[in-house]
Asker: 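For reference, the structure I am asking about is given below.
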2 protein chains.
Amino acid sequence: MATRTRRTQRRTEALSRERIVEAAVELLDAAGEGGLTFRALTERLATGPGAIYWHVANKDELLDAATDAVVATALAAERAGSAGSAGPAGPAEPTEPAEPTEPAERTEPAEPSNSPQDKIRAVAFGLFDAMEDHPWLPTQLALQLSRSPWGSVTPQIFESIGRQVRALGVPEGHWFTATSALVHYILGAAGQNAANSATARTLVPDVDRAEFLDAASKAWKELDPDDYPFTRAVAAQMRDHDDREQFLAGIDLVLTGITALHLPGERGRTTSSAT
Amino acid sequence: MATRTRRTQRRTEALSRERIVEAAVELLDAAGEGGLTFRALTERLATGPGAIYWHVANKDELLDAATDAVVATALAAERAGSAGSAGPAGPAEPTEPAEPTEPAERTEPAEPSNSPQDKIRAVAFGLFDAMEDHPWLPTQLALQLSRSPWGSVTPQIFESIGRQVRALGVPEGHWFTATSALVHYILGAAGQNAANSATARTLVPDVDRAEFLDAASKAWKELDPDDYPFTRAVAAQMRDHDDREQFLAGIDLVLTGITALHLPGERGRTTSSAT
DNA sequence: ACCTGAACACCGTTCAAGT
DNA sequence: ACCTGAACACCGTTCAAGT
């Protein structure tokens with residue numbers, strides 16, 4: 001009732017950069033890009049703005065730190081999953097069968113084999129999931145990239161993917177190209193997917209994701225037939241696609257390109273595909 | 001002299017949505033994301049904010065319109081270059097022997113052949129150049145994608161690439177996957193490159209791009225050897241890479257994956273590579 | 001129908017002052 | 001060294017009023 005929202009929690013731990021970043025992530029998760037405000041932060045942390053500025057230079061730095069933290073967690077979680085080279089790594093990750101339209105016997109690499117390809121897929125899905133959990137992540141990633149292209153986040157992702165590119169046997173001269181291609185595809189596709197999910201949740205909360213894609217598909221079908229013949233033709237495919245399956249197919253496509261172009265001897269072996 | 005900046009130009013043409021978007025692009029080009037302000041716009045167009053709001057719902061819509069306009073121009077410019085459809089698709093695609101590691105006799109497809117591959121490269125470089133000319137474009141693209149994933153810009157790019165994927169002979173069932181992979185790579189890689197250029201220009205105006213990459217490369221070499229062995233190893237490659245050559249190599253990599261995976265009969269023919 | 005411009009609510013950031 | 005909180009400059013947006 002009081003117009004003055006009372007401080008939600010007495011400050012138990014001293015203010016610290018870490019605590020501030022943590023609160024920032026919570027605010028972003030709860031209310032999106034617009035939810036992170038120095039005033040909201042101030043209230044949640046039970047301080048004044050000056051206290052925050054003591055630990056953090058400005059809002060951009062805070063956003064970068066939040067982005068860094070979330071990406072680091074995603075990559076660390078993945079690394080743990082494939083950690084012990086020995087570990088049987090548990091049964092088959094029965095998270096959920098997904099069950100999209102029909103096929104997709106397995107959407108993801110069910111058994112975490114230790115091949116470089118599977119590790120790349122694991123890293124990719126780690127980022128994929130992080131973007132679904134934190135819908136603000138793709139945008140912030142793009143913003144940070146434009147602020148400092150080779151800043152703190154890029155090396156993290158680059159390293160995770162690059163190690164596996166090296167393990168694949170790609171000759172050193174092509175490491176940069178191959179890794180860049182993978183990273184660009186992964187960030188782009190995962191981001192697009194996260195945007196879909198977020199829009200489905202936000203714009204039409206009562207409607208599920210399938211219905212959202214259905215609406216988008218219908219919009220595509222109503223495009224000008226002269227200007228957009230291809231997009232119209234592919235509208236149904238867009239509606240019916242399963243995200244994770246599609247994402248995985250794209251990764252395999254890039255992996256196939258890498259092996260075909262840079263591992264002339266082993267075309268057949270590397271990528272799974274239909275087989 | 002007067003503290004009040006006099007209206008820079010008497011309004012010659014009536015205010016229109018088109019004129020507003022044009023001014024918005026000019027402001028973005030001149031001063032970046034922060035340069036577009038309703039106050040700046042108001043002054044440049046010699047009006048009040050209310051007039052602008054008569055033609056445009058809000059700032060997001062204006063940014064979307066500016067993004068749309070720039071992308072449309074980029075794609076139209078490319079389309080003009082490769083007009084004819086009659087082409088018998090040429091002999092055996094002697095586009096270029098690739099030969100990555102050192103030479104780069106010519107960075108881009110010099111002669112605009114009519115093969116689908118070359119048209120894809122042309123579209124890609126059209127977007128690449130647009131992002132270099134308009135450093136705010138990658139970020140706005142990402143923002144628009146997160147606002148309305150299948151909005152107005154996506155179909156434009158999707159259509160341009162997708163038509164060529166179809167012309168490539170990719171079976172219909174794979175159109176969506178193949179086109180998505182190409183689009184994600186192109187947007188991601190072009191955006192990263194644009195960020196590099198923009199940072200080189202902005203942060204260190206007196207220093208050229210090569211020196212900027214040199215600095216970034218040095219930063220990579222100083223990363224923790226235990227945590228970042230790959231990134232450190234690839235730092236020199238990052239420093240020495242030629243942007244357009246690299247960009248093209250990535251496109252060819254994805255194209256190779258598409259042909260290898262989806263055109264089983266014609267592995268040799270499509271993408272140039274070493275042959 | 002189209003435009004004006006004062007006013008409002010909100011935001012990032014600063015800084016003199018406290019402990 | 002770390003925190004407080006009032007104050008400042010600026011921004012997107014609204015709206016009663018004009019033509």
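Proteins come first, then strands; the chains are lettered A, B, ... in the order of their sequence lines, and each starts at number 1. Since this is a predicted model, take the numbers as computed values, not measurements.
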Asker: Calculate the interatomic distance between B/N58 atom CG and D/dC11 atom C1'; express it in whole Å.
Answerer: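 In whole Å, D/dC11 C1' lies 14 Å from B/N58 CG.
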
Asker: Would B/D227 and B/R232 pass as an ion pair if we require N to O under 4.0 Å?
Answerer: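 So B/D227 does not pair with B/R232 through a salt bridge.
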
Asker: Nearest whole Å is fine: how far is D/dT4 P from A/L45 CG?
Answerer: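 Spelled out: CG on A/L45 to P on D/dT4 is 10 Å.
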
Asker: What integer distance in Å separates B/R17:CZ from C/dC3:C1'?
Answerer: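 Distance, rounded to whole Å: 18 Å.
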
Asker: Hey, does A/I52 reach any base, or is it just sugar-phosphate, or nothing, if we go heavy atoms under 4.0 Å?
Answerer: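 Answer is nothing: A/I52 stays at 4.0 Å or more from every strand.
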
Asker: Write down the distance between NZ (A/K59) and C1' (D/dC10), rounded to a whole number of angstrom.
Answerer: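 Result: 14 Å.
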
Asker: Can you check whether A/W54 has a side-chain N or O nearer than 4.0 Å to OP1 or OP2 of D/dC3?
Answerer: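 Checking A/W54 against D/dC3: no side-chain N or O falls below 4.0 Å of OP1 or OP2.
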
Asker: Distance check needed: D/dG12 P versus B/E43 CD, whole Å only.
Answerer: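 Atom-to-atom, B/E43 to D/dG12, this comes out as 14 Å.
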
Asker: Going by an N to O cut-off under 4.0 Å, is there a salt bridge joining A/R163 and A/E159?
Answerer: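 Salt bridge between A/R163 and A/E159, a charged N being under 4.0 Å from a carboxylate O: yes.
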
Asker: Quick test of your reading of the model: are A/R17 and A/E61 salt-bridged, counting only N-O distances below 4.0 Å?
Answerer: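 A salt bridge is present here (some side-chain N lies under 4.0 Å from a carboxylate O).
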
Asker: Taking atom CD of B/E18 as the centre, does the number of heavy atoms from other residues, nucleotides or ligands within less than 6.0 Å exceed 12?
Answerer: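 Counting other residues, nucleotides and ligands, CD of B/E18 stays at 12 neighbours or fewer.
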
Asker: For A/F247 and A/A189, work out which heavy atoms get closest and say how close.
Answerer: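 So the minimum-distance heavy-atom pair works out to CD1-CB, 3.7 Å.
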
Asker: Any chance the side chains of A/E132 and A/S197 put a donor and an acceptor closer than 3.5 Å?
Answerer: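 There is such a pair between these side chains.
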
Asker: Can you tell me how far P of C/dG5 sits from CG of B/L41, to the nearest Å?
Answerer: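 To the nearest whole Å, that distance equals 16 Å.
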
Asker: Please tell me which of B/R39 and A/G50 maps to the more 5' nucleotide of DNA chain C, matching each residue to the nucleotide holding its nearest heavy atom.
Answerer: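 The residue closer to the strand's 5' end, by nearest nucleotide, is B/R39.
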
Asker: Would you write out the dot-bracket form of DNA chain D, 5' to 3', with Watson-Crick and G-U pairs under 3.5 Å, [ ] for crossing pairs, | for pairs to other strands and . for unpaired bases?
Answerer: ||.|||||...|||||.||

Asker: At less than 4.0 Å, is any side-chain N or O atom of B/T47 found next to OP1 or OP2 of C/dC3? Yes or no.
Answerer: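 Checking C/dC3 against B/T47, no side-chain N or O comes under 4.0 Å of OP1 or OP2.
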
Asker: With respect to the phosphate group of D/dA1, does any side-chain polar atom (N or O) of A/H55 fall under 4.0 Å of OP1 or OP2?
Answerer: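 Answer no for this pair, as no side-chain N or O of A/H55 is under 4.0 Å from OP1 or OP2.
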
Asker: Would you classify B/L62 as touching base, sugar-phosphate or nothing, given that sugar-phosphate means primed atoms plus P, OP1 and OP2, and contacts are heavy atoms under 4.0 Å?
Answerer: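 No contact.
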
Asker: What's the CZ-C1' distance between B/R19 and C/dC2, to the nearest Å?
Answerer: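 It is 17 Å, rounded to the nearest whole Å.
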
Asker: Expressed in angstrom and rounded to an integer, what is the separation of A/L15 atom CG from D/dG5 atom C1'?
Answerer: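 Result: 15 Å.
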
Asker: Hey, what's the ring geometry for A/W150 with B/W220, parallel, tilted or perpendicular (30° and 60° as the breaks)?
Answerer: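 Plane angle over 60°, so perpendicular.
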
Asker: Between C/dA17 and D/dC2, how far apart are the two P atoms, rounded to whole Å?
Answerer: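 The same atom, P, in both gives a distance of 22 Å.
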
Asker: Side chain of B/Y53: nearest nucleotide among D/dG12, D/dT4, C/dC3?
Answerer: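 It is D/dG12.
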
